[in-house]
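The structure appears right after this line, and notes come after that.
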Amino acid sequence: MSRRTQGRKQPLHRPIVVVRSLRGPQGTELDDVQRAVVQACRDLPQTSDPLEVELTLSSAVPPGVADEKFWVGLIDHALSLPSRRNLALLRAMAVLLTGRPREWAMVVAPPVADSLRVRSSWICDRSLDAGYLALLCTYAHGVDEHAMVFLIDEVAGGVIRNAFVTRDVVVATERMAGQGTLESINPEAAHWLLAKSYDRLDRWPALTVDPEVHRTRLVANRRIVLAFG
């Protein structure tokens with residue numbers, strides 16, 4: 001043993017422990033629901049269809065939890081751990097959210113080029129005999145058209161009971177026409193009815209509605225805002 005190595009302690013070999021932080025730049029810790037949203041959106045980097053991106057994020061968020069604090073926590077988390085997944089999540093939020101959460105997301109991750117447009121709307125009034133209004137609203141991402149169909153319960157005071165998204169606009173129109181007379185309605189007026197219906201649902205959250213009403217809520221909210229210009 002040389003003089004240089006005499007008296008030196010042998011290095012300790014400790015296992016390397018990887019700590020996955022769930023805290024953002026401001027110390028925001030993700031709760032169980034936020035972690036579930038991040039997990040549900042893990043495949044966003046491989047999703048090129050803009051409607052699928054919207055539906056993935058919208059369906060991942062359970063009802064009654066997505067206030068501004070909720071979105072701030074997700075944005076902080078995504079910023080604290082840069083990755084393709086988190087960048088895709090930030091871009092999805094920048095596209096889909098409305099109000100201040102959308103503005104915050106856009107600051108850190110400008111949305112990808114998006115060409116969503118509100119197109120036409122129709123109403124089928126069955127309030128006198130069946131007690132409901134049906135709305136069919138069409139939209140397009142570029143040339144790819146899709147529709148949202150909403151069933152508004154007039155007996156319950158105008159609460160939205162059912163909602164779904166379909167790419168087959170022709171079939172949806174034909175089936176809705178089979179329920180009664182379709183009348184064209186100004187898109188802004190149609191989305192005003194939707195906004196009122198969702199507002200009533202917020203005031204009576206205990207009402208039983210189809211789960212798709214909640215899963216498509218963010219998708220509908222974005223289109224309501226867009227229809228109002």
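Positions are given from 1 along the sequence.
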Contacts of type salt bridge (charged side-chain N to carboxylate O under 4.0 Å, His left out), residue Arg117, not counting sequence neighbours: none
Connected via hydrophobic side-chain network under 4.5 Å: Val165 and Leu116: yes
Ring geometry between Tyr198 and Phe150 (parallel below 30°, tilted from 30 to 60°, perpendicular above 60°): perpendicular
From CD (Glu52) to OG (Ser59), nearest 0.5 Å: 9.0 Å
Full working for side chain to side chain contact (heavy atoms under 4.5 Å, CB included) between Asp125 and Glu183: CA-CA 9 Å; Asp125 190 348; Glu183 295 182 9; over 6 Å; no
Non-hydrogen atoms of Leu30 and Gly73 that approach each other most closely: CD2-O, 3.6 Å
Same cluster (ILVMFWY, side-chain, under 4.5 Å), Leu194 and Val149: no
Arg84 atom CZ, over 12 foreign heavy atoms within 6.0 Å: no
Test item: Ser197 side-chain N/O and Gly158 main-chain N/O as donor-acceptor pair under 3.5 Å: yes
Residue pair Leu89, Leu57: steps toward the side chain to side chain contact (heavy atoms under 4.5 Å, CB included) verdict: CA-CA 8 Å; Leu89 177 58; Leu57 178 55; 4.2 Å; yes
Worked verdict on Leu51 versus Arg167 for side chain to side chain contact (heavy atoms under 4.5 Å, CB included): CA-CA 10 Å; Leu51 182 58; Arg167 297 180 189 273; 3.8 Å; yes
Same apolar cluster: Leu97 and Val108, side chain cutoff 4.5 Å: yes
Thr166-Asp168 side chain donor-acceptor pair, cut-off 3.5 Å: no
Main-chain N/O of Phe70 paired with Gln34 side-chain donor or acceptor, under 3.5 Å: yes
Residue pair Val33 / Val65: nearest heavy atoms and the distance that separates them: CG1-CG2, 4.1 Å
Heavy-atom closest contact (Glu145 atom, Val169 atom, distance): CG-CG2, 3.8 Å
Any donor-acceptor pair under 3.5 Å from Arg100 side chain to Glu68 backbone: no
Validation row: Val72, Lys69 side chains within 4.5 angstrom (heavy atoms): no
Main-chain N/O of Gly157 paired to Arg200 side chain as donor or acceptor, under 3.5 Å: yes
Verify same cluster id: Leu136, Phe164 (apolar side-chain graph, 4.5 Å): yes
Polar side-chain atom of Thr216 near backbone of Val219 as donor-acceptor pair, under 3.5 Å: no
Side-chain donor/acceptor of Arg119 to backbone N/O of Thr138, under 3.5 Å: no
Test log, rule side chain to side chain contact (heavy atoms under 4.5 Å, CB included), inputs Val61 and Trp71: CA-CA 11 Å; Val61 181; Trp71 294 117; 3.7 Å; yes
Hphob cluster co-occupancy, Trp122 + Val118, side-chain heavy atoms under 4.5 angstrom: no
Polar contact flag, side-chain donor to acceptor under 3.5 angstrom, Glu54-His141: yes
Rounded distance [0.5 Å steps], CE in Met148 versus CD in Glu212: 9.0 Å
Over-ring placement of Arg223 relative to Tyr139, 6.0 Å and 45° cut-offs: yes
Closest approach of Arg222 to Thr98 (non-hydrogen atoms, all atoms of both residues): CA-CG2, 4.0 Å
Ala190 to Cys137 - nearest heavy-atom pair and separation: CB-SG, 4.2 Å
Value rounded to 0.5 Å, distance of CG in Leu133 from CZ in Arg161: 13.5 Å
Polar side-chain atom of Asn86 near backbone of Leu81 as donor-acceptor pair, under 3.5 Å: yes
Spacing of Met93 atom CE and Leu74 atom CG [to the nearest 0.5 Å]: 5.5 Å
Separation between CG of Leu79 and CH2 of Trp104, rounded to the nearest 0.5 Å: 13.0 Å
Sidechain N-carboxylate O distance under 4.0 Å for Asp202, Arg217: yes
Sole residue of Thr56, Val53, Thr47 in side-chain contact (heavy atoms from CB on, under 4.5 Å) with Cys41: Thr56
Member of Leu151, Asp199, Ile152, Leu207 meeting the side-chain contact (heavy atoms from CB on, under 4.5 Å) criterion with Val159: Leu207
Minimum heavy-atom distance Ala60-Val37, with the two atoms named: O-CG2, 3.4 Å
From CZ (Arg126) to OG1 (Thr181), nearest 0.5 Å: 9.5 Å
Backbone N/O of Leu218 and side chain of Ser58: donor-acceptor pair under 3.5 Å: yes
